[in-house]
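Report on the following structure.
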Amino acid sequence: MDIARLLSDRARAVEPSGIRRISDLAARIPDAINLSIGQPDFAVPEAIKRAAVEAIQQDRNGYSTTVGVGPLREAIHAWVKTDLGWDCTPRADVRADAGAGGASMLVTSGTSGALVLLAQTLLGAGDEFIVGDPYFSLYPGLAALCGARMVACDTYPDFRLTAARVEPLITERTKFVLLTSPSNPSGVVCTKEDVADLLDLCRRRGVLLVSDEIYDDFTFRAHRGDACVGDASKARCPSPARLPGAEEDVLVIRGFGKTYGVTGWRLGYAVGPRALVEQMTKINMYTYVCAPTPLQFAAAAAYGVDMDPIVDGYERRRDMVLERLRSVTEVTEPGGAFYVFPKVPERLGITSTQFVERCVEKKLLVVPGKAFSTRDTHFRVSLAATDEVLRRGCEVLCGLMR
């Protein structure tokens, strides 16, 4: 059968992941130095693993409600109240379709699941959304899945998504601006001024601000320029969601995979305007149905685990890699996540794709900037590796760039 003849325009429009293409090489290259994929390299905390095992043994293996299991929802509600000052507890006396305000929350199948639900809820053919360039590789796929258009906002060389850069790109078809901080691939963290200006702009133009905060717990200490609303002693990554009244104008997307090393569990949540989250929940009923039930119970135990020592270790790795790479090229300092995004020196006269091909010849796997950007000038290095592997990788990179 000619399957190609049957394919939809949607399937044809989605490009294969440039990240996966590189990481798949690891299985075919013996002794590869793999600095390509954003897979945390630390063990899942014991308390979380025990909670998962107990949930399975207690036969909590069936469907959960579409919005999530009670214990996890309660834990998220409590944290959102402390961190953002939002009350997103369920209210039986309101209906979103009746114009009810306030915030609501939905447990999702990873942050990617939340983003897909958002796209399916807001985007139609010809609609637009704005992202910073460079961007997470899923974002163009969201547009392709919905027949929409992703508008890339050039943020080079400092990788900050600012209101001044975004405003000229807003049109009558713009549905939302998508902010990622700390970002993937650059690790850059926006300032309090950046997020306040973006929210002000979105409010003035009637556009939703979406804050993808998958790496919010992976913010390094020097870049934690904000504080929990309910506990001013806790320094956090600056978020537009902490500004007054933000629950009416900001959708926050967070997850558990990167922070706790459970990327394969596919767990996240979306919290924001009640009317929007209710519509996303409706789409969830017919797609993902619910997030993995026993793992939801395990994620509820995550809120009692301190991950700061792990994050501090990644900050030390970042400093080690920056010290080596800055001797041969330009690198913007990441304020969080676990990546660095160096520039291929112009003196080499090659693109990042060509540079990565030279790396592969040396059995080093990094990801070309083209996987994240309309430019092909930088490449991504993952810090999710041992010190020894990172040192070996930096030796290869420095040798090639010299």
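Just so you know, residue 1 is the first one in the sequence shown, and it goes up from there.
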### Query
Looking at Asp83 and Lys234, does any basic side-chain N land under 4.0 Å from a carboxylate oxygen?
no

### Query
Does any pair with a residue in residues 264-296 pass ring-ring contact (aromatic ring centres under 6.0 Å, His included), and if so which ones, sequence neighbours excluded?
none

### Message
Between Arg324 and Glu395, does the salt bridge (charged side-chain N to carboxylate O under 4.0 Å, His left out) criterion hold? Intermediate values first, please.
### Response
CA-CA 8 Å; Arg324 285 162 171 76; Glu395 287 176 5; over 6 Å; no

### Query
Looking only at side chains, do Asn284 and Thr281 share a donor and an acceptor under 3.5 Å apart?
no

Give every donor-acceptor pair under 3.5 Å between a side-chain atom in residues 47-63 and any protein atom, sequence neighbours left out.
from  : atom 1 : to    : atom 2 : distance (Å)
Lys49 : NZ     : Glu46 : OE2    : 3.1
Asn61 : ND2    : Ile56 : O      : 3.2

### Query
Roughly how far apart are Trp86 CH2 and Trp79 CH2, rounded to 0.5 Å?
14.0 Å

### Message
For the CZ atom on Arg326, are there more than 12 heavy atoms of other groups (residues, nucleotides or ligands in this structure) within a distance under 6.0 Å?
### Response
yes

### Query
Thr332: what forms a side chain to side chain contact (heavy atoms under 4.5 Å, CB included) with it, not counting sequence neighbours?
Phe159, Val188

### Message
Go through it in stages, so that I can follow the logic: the residues are Ser211 and Glu213, the test is side-chain hydrogen bond (donor to acceptor under 3.5 Å, both in side chains), and I'd like the CA-CA distance, side-chain angles, deciding distance and then a yes or no.
### Response
CA-CA 6 Å; Ser211 190; Glu213 301 182 2; 2.7 Å; yes

### Task
Answer yes or no: is there a donor N or O on one side and an acceptor on the other, between the side chain of Gln296 and the main chain of Ala291, under 3.5 Å?
yes

### Side-chain donor/acceptor of Arg160 to backbone N/O of Asp194, under 3.5 Å
no

### Message
Can you tell me if Asp31 has over 12 outside heavy atoms packed within less than 6.0 Å of its CG?
### Response
no

### Summary
Applying side chain to side chain contact (heavy atoms under 4.5 Å, CB included) to Asp249 and not counting sequence neighbours gives Leu199, Arg203

### Electrostatic pair Asp212:Arg254 at N-O distance under 4.0 angstrom
no

### Query
With distance as the sole criterion, is a donor-acceptor pair present between the side chains of Thr377 and Tyr156 under 3.5 Å?
no

### Task
Sort and list the pairs that fulfil side chain to side chain donor-acceptor pair (under 3.5 Å) and have at least one residue in residues 111-131, not counting sequence neighbours.
Asp127-Arg173, Asp127-Lys175, Glu128-Arg149, Glu128-Thr171

### Message
Holding to side chain to side chain donor-acceptor pair (under 3.5 Å), I want the full list of residues that pass it with Arg165, two or more places apart in sequence or in another chain.
### Response
Asp158

### Task
Using the test side chain to side chain donor-acceptor pair (under 3.5 Å), find all partners of Arg316 that sit at least two apart in sequence or belong to another chain.
Asp387

### Query
Run the side-chain contact (heavy atoms from CB on, under 4.5 Å) check on Leu390 and Arg317 step by step: do they pass?
CA-CA 8 Å; Leu390 285 170; Arg317 294 180 190 179; 3.8 Å; yes

### Query
Are the side chain of Asp133 and the backbone N or O of Thr374 linked by a donor-acceptor pair below 3.5 Å?
yes

### Query
Side chain of Thr329, backbone of Lys343: donor and acceptor closer than 3.5 Å?
yes

### Query
Given side chains that start at C-beta, do those of Leu397 and Phe355 come closer than 4.5 Å, heavy atoms only?
yes

### Summary
Sequence neighbours excluded, the answer for side chain to side chain donor-acceptor pair (under 3.5 Å) partners of His77 is none

### Task
Go through the steps for Glu357 and Ile350 under the test side-chain contact (heavy atoms from CB on, under 4.5 Å), then give the verdict.
CA-CA 11 Å; Glu357 290 171 357; Ile350 58 175; over 6 Å; no

### Message
Under the ring-ring contact (aromatic ring centres under 6.0 Å, His included) definition, can you give me all pairs with a residue in residues 174-199, not counting sequence neighbours?
### Response
Phe129-Phe176

### Message
Run the side chain to side chain contact (heavy atoms under 4.5 Å, CB included) test against Ser352 and tell me which residues pass, sequence neighbours left out.
### Response
Val344, Pro368, Asp376

### Query
With sequence neighbours excluded, what pairs up with Thr219 under the side chain to side chain contact (heavy atoms under 4.5 Å, CB included) test?
Pro182, Val189, His223, Arg224, Cys237

### Summary
Residues at least two apart in sequence or cross-chain that pass side chain to side chain donor-acceptor pair (under 3.5 Å) with Ser233, listed by chain then number, are Asp231

### Task
Begin with the C-alpha distance, continue with both residues' side-chain angles, and end with the deciding distance and a verdict on side-chain contact (heavy atoms from CB on, under 4.5 Å) for His378 and Ser373.
CA-CA 9 Å; His378 292 61; Ser373 178; over 6 Å; no

### Task
Using atom types as modelled and distance alone, determine if a side-chain donor or acceptor of Thr108 lies under 3.5 Å from a backbone N or O of Gly110.
yes

### Message
Could you check whether atom CD of Glu333 has more than 12 heavy atoms from other residues, nucleotides or ligands sitting under 6.0 Å from it?
### Response
yes

### Query
So, Glu248 side chain and Gly245 main chain: donor-acceptor pair closer than 3.5 Å or not?
no

### Query
Between Tyr215 and Phe338, is the gap from one ring center to the other below 6.0 Å?
yes

### Message
With a 3.5 Å distance limit and no angle check, can you tell me whether Arg73 reaches the backbone of Thr89 through a side-chain donor-acceptor pair?
### Response
no

